[in-house]
Amino acid sequence: MHRRLITWSVAGLALAASVAGASAEFVLKGDPKPAMIIFSQKNDGGWSQALDEARQKVEKELGVTIPVVENVPENATAIKPAVELFIDRGANIILGSAFGYSDAFKELAEKYPNVVFLNPAGTTNGNNLMSYYGRTYESQYLCGMAAAAASKSGKLGFVAANPFGLVNWTVNAYAMGARQINPDATVTVVFTGAWNDPVKERAAAEALAEQGIDVIGQHVDTPTPQIVAKEKGIYGTGHHRDLSEFSTASQCSSVWVWDRFLVPEIKKIVAGDWESQPYGAFLSIAQGGTDIACCGDAVSEEDKAKIMAEREAIMGGKHVFAGPLNDREGTERVAAGAVLDDGALWGMDWFVDGVISQQ
Amino acid sequence: MEFLVNWLANIPGFALPFALGALGLIICEKSGVLNLGAEGFLLIGAMAGAGAVLTFGGYPLLALAMAALASALLSLVFAVLVILLRVNQVISGLTIVFLAQGLTSLIALKQGWTNKAFTGLSSLDLGPLSDIPFIGPIVFSQDLIVYLTVGLFFLAVHLMGRTNAGLRLRAVGENPDAADAAGINVTAYRFVAVLIGALLLGLAGGYLTVVVSKIWVDGLTGGRGWIAIALVIFARWRIWRALGGAVLFGCIEALIPRVAAIGVQVPQYFVLMTPYVVTFAVMVWTSLSSNTASDEPGALGRPFVREERH
């Protein structure tokens with residue numbers, strides 16, 4: 001998974017900076033026949049499982065069968081035969097799963113102009129190819145609120161993989177959300193340098209617990225930080241899917257709800273009024289993609305109401321990174337009355353007040 | 001002070017997989033069999049350990065034994081390849097890694113072991129000894145395997161250096177033709193060395209899941225087998241030096257998250273590269289120091305064919 005994510009921030013910048021190609025309306029020939037290819041196991045408990053669950057919901061909503069193939073590595077020699085086999089069998093909507101599929105999908109999209117390609121976490125777009133990702137800072141902001149609500153000490157911890165834009169924005173939003181509930185809350189971040197290493201995640205979570213931190217958030221792939229939180233008798237918040245499945249310590253999770261995006265999108269494709277977007281789709285809670293599973297027992301009804309009210313506000317158009325906003329060094333990052341644009345989000349390399357982390 | 005105690009108390013747990021892995025590799029390679037399959041043996045041990053705990057609903061020590069056995073079972077394939085069939089040892093080792101990656105992924109998937117948290121093995125509580133300030137948490141509050149590993153190192157040094165069997169094993173790795181002429185069964189010694197090496201590697205892998213992570217996910221070992229291989233080269237096939245290297249890695253791995261958790265602001269990528277910088281530094285230092293003798297076995301990586309002229 002890390003290979004996919006490592007380049008997201010870079011890719012995001014390129015995405016924002018690249019010049020838009022004109023895209024024409026796409027017309028699907030025949031009945032919709034979607035097929036999904038997944039880069040890892042579909043029951044990985046996180047990212048891929050969320051995609052597979054969305055696939056099953058799309059099947060039900062649209063009344064179609066969506067075949068899926070797992071463990072297709074992120075290189076063109078593996079991706080192309082898998083996709084072409086589906087296309088030979090009549091598939092005309094190909095659903096991807098990884099950043100590493102971006103380039104192969106671009107080539108395939110040009111070779112098969114009558115097939116639509118939709119790829120989460122991708123960076124390439126075209127007439128019949130669109131990448132999509134969720135605005136996870138919205139959901140992690142709400143989880144930050146839940147974390148502060150569950151915390152007694154106001155000292156929150158966060159286990160993250162690597163300090164890229166898309167990780168940094170979750171950390172910043174988490175701290176900003178926490179300060180909505182407790183203005184003195186701090187978020188101490190430990191970067192593990194790996195996406196899928198339970199050994200390092202456990203070490204990070206234990207080190208945080210030793211410092212008197214009583215809620216641990218996360219942006220890594222395994223539920224390990226939540227399990228450690230339970231062992232230590234403290235709380236946590238999850239990522240990817242509702243991690244209360246693994247640990248009763250989990251009070252809130254930032255979850256993927258791709259079906260809320262894919263169902264209307266595929267309906268549009270079938271109806272013939274779908275158009276790809278030059279920078280791909282960057283989905284807010286209102287557009288589907290990301291949301292929260294909230295809240296656990298440690299969050300009071302009053303705080304829960306506050307969280308849900310903020311969720312409504314965000315769905316109504318409130319931007320988490322709205323000005324005036326300074327970073328922790330005091331430099332102004334967003335001017336009063338402005339909001340942070342998407343390019344600056346993907347390139348985020350600064351932290352807000354309340355975040356305690358390495359540089 | 002509390003920071004120091006927490007840090008030092010966590011070192012053995014981090015150092016142990018490297019230490020046991022390196023010890024297993026040294027025993028195997030002293031017989032002349034190059035073992036690049038370490039990552040594979042760790043993986044199969046890690047998965048078997050997790051699977052055993054989940055299946056039996058506890059019994060972590062039994063699970064660790066199963067981890068070692070599973071790895072030994074896989075090593076039979078490796079031993080047949082490199083010792084009996086005399087396949088290239090580099091390629092066979094890499095094959096084991098790929099085989100183990102696929103096998104562990106498949107078995108864990110079919111058995112539903114992925115992402116299931118379990119209790120695992122906890123640290124010992126030696127009563128009053130564990131309560132001694134400073135020393136108690138560091139020395140007397142480790143898990144059973146840590147103490148066992150210390151014993152294993154003494155045992156290995158004794159067996160390799162001071163017994164006839166150890167001498168024969170080293171002779172087989174140094175000059176199999178001469179050993180054969182002296183009446184030593186080269187094939188048998190190499191088989192046993194590969195098996196013992198795999199048992200220790202499997203135990204190291206099992207430790208990663210049963211004691212440390214208490215969960216199995218795909219590819220859990222995260223390249224630690226390769227670090228063990230590097231450690232052996234860096235220790236020049238000497239057992240105590242390998243232990244020293246493993247402890248050094250353990251110190252750094254236990255330190256990294258703690259430095260971050262107390263909020264010291266140092267560049268993150270610099271911190272993450274420290275284990276490798278330190279490795280480089282020690283390698284440069286050892287090669288510059290006067291004692292440059294290496295214990296690398298003379299016939300390492302060379303298949304033995306009886307009565308063949310070289």
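Every chain is numbered from 1, with letters handed out A, B, ... down the list of sequences.
- Side-chain contact between Pro223(A) and Asn115(B): present, with at least one pair of heavy atoms (C-beta onward) separated by less than 4.5 Å.
- Applying the 6.0 Å contact sphere to OH of Tyr59(B) captures no more than 12 heavy atoms from other residues, nucleotides or ligands.
- Residue Thr119(B) does not touch chain A at all, counting heavy-atom pairs closer than 4.5 Å.
- When heavy atoms are compared at a cutoff of 4.5 Å, Val264(B) approaches chain A solely by way of its backbone atoms N, CA, C and O.
- When all heavy atoms of Ala204(A) and Pro257(B) are compared, the pair lying nearest together is CA-CB, 3.8 Å.
- A distance of 10.0 Å separates CD of Glu206(A) from CG of Asn6(B), quoted to the nearest 0.5 Å.
- By the 4.5 Å heavy-atom criterion applied to side chains, Asp197(A) and Arg224(B) are counted as neighbours.
- Between chain B and the options Ala205(A), Ala209(A), Gly46(A), Ala207(A), the largest number of non-hydrogen pairs under 4.5 Å is found for Ala207(A).
- Counting heavy atoms from C-beta on, the side chains of Leu109(B) and Asn43(A) come closer than 4.5 Å.
- Side-chain atoms of Asn10(B) and Glu210(A), non-hydrogen and from C-beta on, do get closer than 4.5 Å to each other.
- Distance check: Gln211(A) CD to Arg258(B) CZ gives 9.0 Å after rounding to the nearest 0.5 Å.
- The greatest number of non-hydrogen atom pairs below 4.5 Å with chain A, out of Thr209(B), Ile215(B), Thr114(B), is found for Ile215(B).
- Contact of Val189(A) with chain B is made through the backbone alone, with heavy-atom distances under 4.5 Å.
- Annotation: side chain of Asp218(B) is not in contact with side chain of Asp44(A) (no heavy-atom distance under 4.5 Å).
- For CD of Glu329(A), the number of neighbouring non-hydrogen atoms (other residues, nucleotides, ligands) closer than 6.0 Å is greater than 12.
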ask   = Can you check side-chain contact (heavy atoms from CB on, under 4.5 Å) on Ile227(A) and Lys214(B), steps first, answer last?
value = CA-CA 9 Å; Ile227(A) 292 162; Lys214(B) 296 177 179 113; 5.9 Å; no

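- Neither the backbone nor the side chain of Ser40(A) comes within less than 4.5 Å of any heavy atom of chain B.
- For Glu245(A), no part lies under 4.5 angstrom from a heavy atom of chain B.
- Of the listed residues Thr188(A), Val199(A), Val159(A), the one with more heavy-atom pairs under 4.5 angstrom with chain B than any other is Val199(A).
- Across every non-hydrogen atom of Ala261(B) and Val190(A), the tightest pair is N-CG2, 4.0 Å.
- Put simply, CD1 on Ile356(A) and CD1 on Ile262(B) are 11.0 Å apart, with the number rounded to the nearest 0.5 Å.
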